[in-house]
Amino acid sequence: MYIFDSVQKIKREFVSLKKNEVSLYVCGPTVYDDAHLGHAKSALVFDLLSRVLRAEGYNVKYARNITDIDDKIIKKATELGVSIKEITDKYTEAYHADMAHLGIQRPDIEPKATESLDAMFLMIQNLLNRGHAYQISNGDIYFDTASDAEYLSISHRVQNEDEKQNRVLNSNEKKNSADFALWKTIADGDISFDSPFGKGRPGWHLECSAMIEKHLTCKDTKYAIDIHGGGADLLFPHHENEAAQTRCSTNHEIAAYWMHNGFVNIDGEKMSKSLGNSFFIKDALKVYDGEVLRFYLLSTHYRSNFNFNEEDLLASKKRLDKLYRLKKRLFGLEVHSDMQTAFKTKLLDALKDDLNVSTALSVIDEMISLVNETLDSAGKHKELKREAMIDMAYIEELLGFGLENPFEYFQTGVDKETKVKIKELIEERNEAKKAKDFATSDSLRDQILSYGITIMDTPQGTFWERV
RNA sequence: GGCGCCAUCGCCAAGUGGUAAGGCCGGAGCCUGCAAAGCUUCUAUCCCCAGUUCAAAUCUGGGUGGCGCCUCCA
């Protein structure tokens, strides 16, 4: 397995800290709004990573947090006059539903900030004890970036002069403008948590470091966990700060490998909360099948930026259609086997190379073509069919494509009445065909097409698909 | 301004030193009553310039053009 480490900026062979075990931590959502396509991309990438690692035989411990303490949550709760929990519960549930529609498996651990305060207090205390944090007059506690010689080693940034001079220029008590809050004291007691440092709430960066320490960490290794992932926008300052906290409060670096996924742009423009052009998963799901979205969003390498547009999505759907058409062709054949095939090896090899999905998809397309070709040229081929079934089961397991019933897949979004009507029209057409009344059968086909349905005559009967 | 990424067929997109995967679209054909599906087949020398090398889309330097982070963000 090779992974591109976004801190060292090279592709590195993956060697786990502990034999046969992988600890993976990914920054999850702040639950104050619906999840957008960017959340989907990130969750999909690391879902795929965990599947590939498991296929490689690793026992994977995958954690993705839920940030349920945050200014934006508080703001929304205040605006709506409801409790924080009402907001976070609602959007956590929505997040889970969206992810499920995309075929994303639940991580092994989903720690919440509200349930990890103990670990955060511990970390703050450690940082204070070790002289890496300081408290200002209002009670706020900051991380002292100047105290960490390795600060900025994750993002490779250079601190500019303005930042260095901040102590003089800035009126607040922060020693350095890069210093970030570990604990923010709050006067109004409503939305705050009790802590050894007084009432308040934790800084955002702290939660990930604390959760890693609490749930995943290997105590006796150079690194706390194997792989840390998240969106590219988190590299700085979020991951830089996480790394600093862990480095200074424990005796190890936070992660041996860092993976950052690229952005999802909409029509060439970055989707961002501040631009207000977020495309929500739930809205996309109204129009497109979840598996099609999964396929489309995964079809480009995870590190590249992804430009979402309908045209490409439809091209992508046609590609997935091919998989389902083969599944249709082999329908009814039940095969359960762990048999190793050349295809399986090739597919896994592609994904083992820093999740090269493009190559993986080409391996799949070639397999589909080969099977179709063989089946076209010479009838039965029991063994080939069996092997193709085994291969397709592997695609489902590894990539999560092809999970649906192939007939239903092509008929999603068609209501019951239409289905009945189509069935009638097809029967009528088949009568006409039998009588060699092609004028009638063609006009019936046009009528079916007016429902947005295309039909195909096969030796097994007439099948229909939504156009 | 600081740091960084990217530029491959009409479109999407792999490949990162050994002579351009795959998909969509399009052309031709096979199959079909006709279609659809499937199959066969055709379509690029890799933004520009210079250099390194026996050999470069792949390395180096310089352009040009996109874009990101530096503020909440996946």
Side-chain angles (χ1 to χ4, degrees), chain A residues 6 9 11 26-30 32-33 35-46 64 67 70-72 75 152 155-163 178 204 229-238 240 260-265 268-275 278 295-296 299-307 309 311-322 325-326 328-329 350 353 356-366 368-377 410 433 436-439 441-442 445-446 448-449 453-458 462-465 467:
Chain A
S6 39
K9 296 183 185 180
K11 202 186 272 187
V26 175
C27 292
T30 301
Y32 71 99
D33 204 350
H36 56 59
L37 294 176
H39 294 107
K41 176 80 184 178
S42 172
L44 281 166
V45 165
F46 294 104
R64 185 185 61 207
T67 299
D70 180 88
D71 289 358
K72 295 180 288 295
K75 187 168 173 251
L152 299 181
S155 62
H156 308 295
R157 240 157 243 282
V158 218
Q159 210 165 24
N160 66 38
E161 288 308 305
D162 284 356
E163 283 167 354
W204 172 45
D233 48 350
L234 298 178
L235 181 57
F236 187 86
H238 186 53
E240 186 71 60
H260 289 94
N261 64 276
F263 299 112
V264 178
N265 298 322
E269 197 170 54
K270 187 191 166 185
M271 177 172 45
S272 95
K273 287 169 188 174
S274 46
L275 286 173
S278 297
F295 189 96
Y296 176 49
S299 65
T300 297
H301 188 88
Y302 76 90
R303 275 187 281 122
S304 307
N305 285 342
F306 188 96
N307 190 29
N309 68 73
E311 199 182 325
D312 294 345
L313 185 141
L314 292 176
S316 207
K317 179 194 180 299
K318 287 185 178 176
R319 204 172 184 178
L320 181 59
D321 286 352
K322 287 158 62 130
R325 291 225 174 80
L326 180 58
K328 242 176 160 178
R329 204 168 176 178
D353 183 14
N356 193 331
V357 179
S358 287
T359 302
L361 292 183
S362 76
V363 169
I364 292 174
D365 281 324
E366 276 161 10
I368 293 171
S369 285
L370 182 72
V371 174
N372 274 325
E373 184 192 345
T374 315
L375 257 34
D376 274 4
S377 61
F410 286 109
K433 269 179 62 179
K436 302 235 186 276
D437 179 2
F438 296 123
S441 84
D442 286 354
R445 181 166 56 200
D446 289 343
I448 293 168
L449 192 63
I453 302 298
T454 177
I455 55 176
M456 36 200 60
D457 298 321
T458 78
T462 302
F463 297 126
W464 63 270
E465 294 181 2
V467 178

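The structure displayed is predicted, hence computed values, not measured ones. The sequence lines fix the lettering, A, B, ..., with proteins before strands; numbering per chain opens at 1. Heavy atoms only: backbone and side chains are in, while hydrogens, waters and symmetry mates are out.
B:C25 atom P lies 14 Å from atom CG of A:Leu313, rounded to whole Å. Note: CZ (A:Phe236) to P (B:C70) measures 8 Å, nearest angstrom. Whole-Å rounding puts the A:Phe438 CZ to B:A35 P distance at 12 Å. Atom OH in A:Tyr32 sits roughly 7 Å away from atom P in B:A74 (whole-Å rounding). In this structure, A:Glu311 atom CD and B:A13 atom P are separated by 12 Å, rounded to whole Å. To the nearest angstrom, P of B:C6 lies 19 Å from CZ of A:Phe306. As a whole-Å value, the separation of A:Asp446 CG from B:C34 P is 17 Å. The separation between A:Lys433 atom NZ and B:A35 atom C1' is 9 Å, rounded to whole Å.
For the pair A:Leu361 and A:Asn261, nearest-nucleotide mapping onto RNA chain B gives the more 5' position to A:Leu361. Residue A:Ser316 is the one, among A:Thr458 and A:Ser316, whose nearest nucleotide of RNA chain B lies closer to the 5' end (criterion: closest heavy atom).
Within 4.0 Å (heavy atoms only), A:Val264 reaches at least one base atom of the nucleic acid. Nucleic acid contact class of A:Phe463 (heavy atoms, under 4.0 Å, all strands): none. Using a 4.0 Å heavy-atom criterion, one finds that A:Lys9 contacts the sugar-phosphate atoms exclusively. Within 4.0 Å (heavy atoms only), A:Ile455 reaches at least one base atom of the nucleic acid. Looking at heavy-atom distances under 4.0 Å, A:Gly231 makes contact with sugar-phosphate atoms alone, never a base.
Remark: the A:Arg303 side chain and the B:C5 base include no donor-acceptor N/O pair separated by less than 3.5 Å. In the interface, the side chain of A:Asp442 is paired with the base of B:G33 through a donor and an acceptor atom under 3.5 Å apart.
Candidate nucleotides B:C70, B:A35, B:A74 were compared by shortest atom distance to the side chain of A:Phe263, and B:A74 ranks first. Which of B:C34, B:C73, B:G23 sits closest to the side chain of A:Asp457 comes down to B:C34. Relative to the side chain of A:Glu366, the nucleotides B:G2, B:A74, B:G22 differ in distance, and B:G22 lies closest. For A:Ser362, whose side chain is taken as the heavy atoms from C-beta onward, the closest listed nucleotide among B:A74, B:G22, B:C70 is B:G22.
Across B:A13 and B:C3, the matching C1' atoms stand 28 Å from one another, rounded to whole Å. Distance check on atom P: B:A55 versus B:A50 gives 16 Å, rounded to whole Å. Taking the C1' atom of each, B:C48 and B:G65 are spaced 11 Å apart, rounded to whole Å. Here the separation of B:A44 from B:A20, taken at their P atoms, is 11 Å to the nearest Å. The gap from the P atom of B:A28 to that of B:A35 amounts to 12 Å, rounded to the nearest Å. The gap from the C1' atom of B:G68 to that of B:A74 amounts to 14 Å, rounded to the nearest Å. Taking atom C1' in both B:C25 and B:C12, one finds a spacing of 11 Å when rounded to whole Å. When the P atom is compared between B:U71 and B:C9, the two are found 36 Å apart, to the nearest whole Å.
With both pairing distances under 3.5 Å, B:G65 is matched to B:C6 as a Watson-Crick or G-U wobble pair. Shown here, B:C31 forms no base pair; nothing in the strands shown gives a Watson-Crick or G-U wobble contact with both key distances under 3.5 Å. Base pairing annotation: B:A44 forms no Watson-Crick or G-U wobble pair, as no partner gives both donor-acceptor distances under 3.5 Å. In a base pair of the Watson-Crick type (N1 to N3 plus N6-O4 or O6-N4) or a G-U wobble (N1-O2 and O6-N3), with each distance short of 3.5 Å, B:U60 is matched with B:A50. B:A55 is unpaired under the Watson-Crick or G-U wobble criterion, no partner having all donor-acceptor distances under 3.5 Å. Base pairing annotation: B:C25 forms no Watson-Crick or G-U wobble pair, as no partner gives both donor-acceptor distances under 3.5 Å. Nucleotide B:C73: unpaired (no Watson-Crick or G-U wobble partner with both distances less than 3.5 Å). Nucleotide B:A13: unpaired (no Watson-Crick or G-U wobble partner with both distances less than 3.5 Å).
Distance alone, capped at 3.5 Å, places no donor-acceptor pair between the A:Tyr302 side chain and the A:Val357 backbone.
A side-chain N or O of A:Asp457 and one of A:Thr462 form a donor-acceptor pair less than 3.5 Å apart. Checked by atom type, the side-chain pair A:Arg303/A:Asn261 shows no donor-acceptor distance below 3.5 Å. A donor and an acceptor atom, one from each side chain of A:Thr454 and A:Glu465, are nowhere located under 3.5 Å apart.
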Problem set entry | Criterion salt bridge (charged side-chain N to carboxylate O under 4.0 Å, His left out) on A:Lys317 and A:Asp321, from CA distance to verdict | CA-CA 6 Å; A:Lys317 179 194 180 299; A:Asp321 286 352; 3.0 Å; yes
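Remark: A:Arg157 is positioned above the aromatic ring of A:Phe236, its terminal NZ or CZ atom under 6.0 angstrom from the ring centre and at most 45 degrees off the axis.
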Problem set entry | nucleotides 38-44 of chain B: protein proximity per nucleotide (B base, S sugar-phosphate only, - neither; heavy atom, under 4.0 Å) | BSS----
Nucleotides 14-17 of chain B: which of its N/O atoms have a protein N/O under 3.5 Å away?
residue, atom, partner, partner atom, Å
B:A14, OP1, A:His301, N, 3.3
B:A14, O5', A:Ser358, OG, 3.2
B:A14, O3', A:Asn356, ND2, 3.1
B:A14, O2', A:Thr359, OG1, 2.7
B:G15, OP1, A:Asn356, ND2, 3.1

